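Only one structure is covered here, and it is reproduced in the block below.
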Amino acid sequence: MKEAIALNQKNLPLFAEKLACPQYDRSRVKAGIVHIGVGGFHRSHQAYYTDRLMNESDASDWGICGVGLRDADRKIGDILEKQDYLYTLIVKHPDGRIENRVIGSIVDFLLGCDDPSAVIDRMAHADTKIVSLTITEGGYNFNAATGEFDCMNPAVKHDIANPGHPQTVFGFLTAALKQRRAAGLPAFTIQSCDNIQHNGNMARKVMLAFAQEQDADLAEWIATEVKFPNAMVDRITPVTTADDIRYLESELELKDEWPVTCEPFIQWVIEDSFSNGRPSWESVGAQFVPDVTPYETMKIRLLNAGHSVLGLLGSLHGHPTIDVCVAETLFATYLRRFMDFEVTPVLEPVEGIELDDYKDCLIERFGNPNIKDNLARICLESSSKLPKFLIATIRENLANGGSIEYATLVIAAWCYYSDKGVNQHGEQLDIVDAMKAELHQAAAATARDPLAFLKVEPVFGDLVYNKTFTHTYTTMIQAIYENPKIGQHMQAVLFGRE
Ligand code: CS2
């Protein structure tokens with residue numbers, strides 16, 4: 001094997017015959033977008049669309065300046081800088097075909113914890129037209145049960161008191177918008193790319209709640225000047241592995257320290273509401289629509305919830321990845337029936353989408369054997385995901401007298417998972433959740449009080465007072481604690497239905 005060549009701007013011509021590379025002059029690209037949260041998903045989705053746009057038309061005003069706010073973002077920043085912000089996207093098809101592409105749309109990176117002013121100045125710069133976010137569900141800092149912004153969070157309290165030295169995304173956005181207003185510049189758009197129902201409305205709500213605490217006059221300006229488009233974002237992007245890095249080295253003699261892998265499917269449905277212009281992403285496949293709501297609900301309640309169903313049940317069972325789960329008939333059937341019996345009845349029709357086809361396509365996507373999407377990633381931060389992905393569906397079914405068994409078993413499994421931290425074979429699970437300790441403590445009281453886990457109010461709200469729900473849940477929780485073999489309980493739910 002020849003020595004792999006480092007990916008960077010100078011070496012780019014050496015790769016041109018082996019994989020798709022940026023065809024545009026990157027030295028002319030200005031950062032019109034500042035993006036907070038340069039994880040795998042941003043790099044497989046928004047940065048990919050933008051790279052294609054730059055290849056296909058003159059979009060040099062829409063380059064991306066990546067931003068990380070925390071020390072944990074240092075590694076990606078250092079690697080991107082070393083590689084002139086280039087990275088490889090490895091698209092893995094179910095039949096084994098692989099398409100590789102070097103993405104060039106990111107042109108800079110700033111680390112907020114090192115130099116907050118540099119980030120604020122960049123956002124406040126006249127070239128910046130959009131600040132986009134992938135800060136995860138938890139990043140919006142709202143109480144999942146009440147939907148209200150949490151002003152008591154210590155970092156938020158710090159930012160309210162120290163306008164010039166922010167730590168949180170809200171502090172940075174507010175400081176930059178303040179600077180723009182003082183300079184007479186138009187506001188930028190705040191564009192959420194997270195899996196949150198009405199992600200734009202949510203971003204607006206938390207942003208205004210924060211700004212109101214800090215500077216009421218500025219909050220009013222933000223309310224009228226800043227647009228927050230809602231959007232549905234979709235592309236399954238597993239965690240990058242050492243094998244992905246080795247694959248590029250051995251197959252393409254390319255050394256990329258942090259490539260991204262993803263599935264071929266991609267979708268982005270955006271509300272066309274921007275404060276200060278936008279790239280014409282529609283020319284590379286994004287859809288601009290007047291109302292994103294039905295698309296978001298469909299995607300969050302089927303795909304993301306479907307992931308959580310497999311993630312939690314599969315973790316207890318001892319399955320490693322999503323594709324391994326759906327390869328087992330029991331899991332595939334359970335997932336499909338959850339979608340058919342519990343989610344479909346609460347969804348609005350979506351124009352141009354046949355729900356049965358959408359569900360078939362989801363199961364096919366989950367089954368892609370080359371996207372080894374590990375369950376630890378799926379279960380990451382379940383406390384901020386499940387209220388919107390799954391519990392919302394339970395609530396609506398309770399209100400309509402619909403089926404709740406499929407989803408309730410997942411909540412019972414989540415309790416056992418949070419309590420014991422091991423799968424049914426007694427093997428340790430890798431649990432990462434901001435509320436891990438609180439969930440564990442509540443779940444550990446289940447033996448005394450079967451409803452203890454449901455008393456975590458920020459997650460479950462008042463669900464614990466719903467008798468129909470607690471009746472089903474109590475039966476399931478007792479059964480799981482007596483015998484954690486989750487497959488048997490899944491079967492019980494399935495057969496109860498036949
Ligand atoms: C997953 C998502 O863990 C999760 O929440 O469901 O990351 C999912 O893979 C993406 O939303 C796909 O678009």
Side-chain angles (χ1 to χ4, degrees), residues 37-49 89 91-92 132-140 144 192-199 202 230-240 260-270 285-287 292 295-315 319-323 325-326 331 335 338-339 343 358-359 361-368 370-393 407 410 414 417 429-435 459:
V38 186
F41 181 70
H42 168 69
R43 297 200 286 150
S44 74
H45 195 261
Q46 184 182 2
Y48 162 80
Y49 275 108
L89 187 64
V91 181
K92 296 183 176 174
S132 53
L133 318 171
T134 41
I135 53 174
T136 77
E137 296 77 10
Y140 292 80
S192 168
C193 302
D194 284 293
N195 287 312
I196 295 184
Q197 180 87 54
H198 310 319
N199 54 8
M202 179 56 80
N230 289 304
M232 181 262 249
V233 293
D234 194 5
R235 186 169 228 185
I236 295 174
T237 309
V239 177
T240 305
V260 182
T261 60
C262 63
E263 61 169 346
F265 183 95
I266 187 162
Q267 196 173 17
W268 197 7
V269 188
I270 316 168
Q287 291 159 261
V292 180
Y295 297 90
E296 291 176 325
T297 317
M298 174 185 75
K299 192 256 169 173
I300 290 171
R301 303 287 187 93
L302 289 169
L303 186 153
N304 298 108
H307 260 167
S308 297
V309 166
L310 297 179
L312 287 163
L313 299 176
S315 292
H319 280 326
T321 56
I322 291 288
D323 60 298
C325 289
V326 293
F331 279 80
L335 174 67
F338 158 73
M339 290 178 173
V343 186
Y358 186 80
K359 290 184 275 190
C361 169
L362 276 185
I363 294 182
E364 214 177 290
R365 290 169 62 195
F366 286 5
N368 183 338
N370 304 310
I371 297 295
K372 299 187 187 335
D373 201 2
N374 75 57
L375 301 191
R377 178 187 90 83
I378 299 297
C379 296
L380 202 83
E381 304 299 344
S382 286
S383 65
S384 60
K385 293 176 179 174
L386 294 202
K388 302 290 176 199
F389 295 178
L390 192 75
I391 298 170
T393 294
V410 180
W414 185 29
Y417 159 106
L429 291 164
D430 175 17
I431 304 180
V432 178
D433 198 304
M435 292 183 70
V459 173

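All ligand and atom numbering here is 1-based and tracks the order in the structure. Fair warning: this is a prediction, and the values are worked out from it, not measured in the lab.
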(request) Could you list which atoms of ligand 1 come closer than 4.0 Å to a heavy atom of R235? (result) 12 (C), 13 (O)

(message) Holding to side chain to side chain contact (heavy atoms under 4.5 Å, CB included), I want the full list of residues that pass it with T136, two or more places apart in sequence or in another chain.
(response) none

(request) Could you tell me whether the side chain of R377 and the main chain of V239 form a donor-acceptor pair under 3.5 Å? (result) no

(request) Can you pull out the closest protein heavy atom to atom 2 (C) of ligand 1? Residue, atom name and distance to 0.1 Å, please. (result) N304 ND2, 3.4 Å

(message) Using a plain distance cutoff, I'd like to know if D234 has any nitrogen or oxygen under 3.5 Å from a nitrogen or oxygen of ligand 1.
(response) yes

(request) Output yes when a side-chain donor or acceptor of D194 lies under 3.5 Å from a complementary backbone atom of I196, and no otherwise. (result) no

(message) Distance check, rounded to the nearest 0.5 Å: F338 atom CZ versus L302 atom CG?
(response) 7.5 Å

(request) Please indicate whether any nitrogen or oxygen in R365 is less than 3.5 Å from any nitrogen or oxygen in ligand 1. (result) no

(request) State whether the shortest distance between N or O atoms of E137 and N or O atoms of ligand 1 falls below 3.5 angstrom. (result) no

(message) What protein heavy atom lies closest to atom 4 (C) of ligand 1? Include the residue and the distance to one decimal.
(response) K385 NZ, 3.4 Å

(message) Can you classify the ring geometry of H45 versus F41 as parallel (below 30°), tilted (30 to 60°) or perpendicular (above 60°)?
(response) parallel

(message) As an exercise, identify every atom of ligand 1 less than 4.0 angstrom from a heavy atom of K299.
(response) 10 (C), 11 (O), 12 (C), 13 (O)

(message) Contact between I266 and D234 at the side-chain level, heavy atoms closer than 4.5 Å - yes or no?
(response) no

(message) Among all the protein's non-hydrogen atoms, which is closest to atom 6 (O) of ligand 1, and how far away is it?
(response) H307 ND1, 2.7 Å

(request) If you have a sec, work out which protein heavy atom is nearest atom 9 (O) of ligand 1 and how many Å separate them, to one decimal? (result) R377 NH2, 2.9 Å

(message) Just to verify, what does E263 make a salt bridge (charged side-chain N to carboxylate O under 4.0 Å, His left out) with, not counting sequence neighbours?
(response) R365

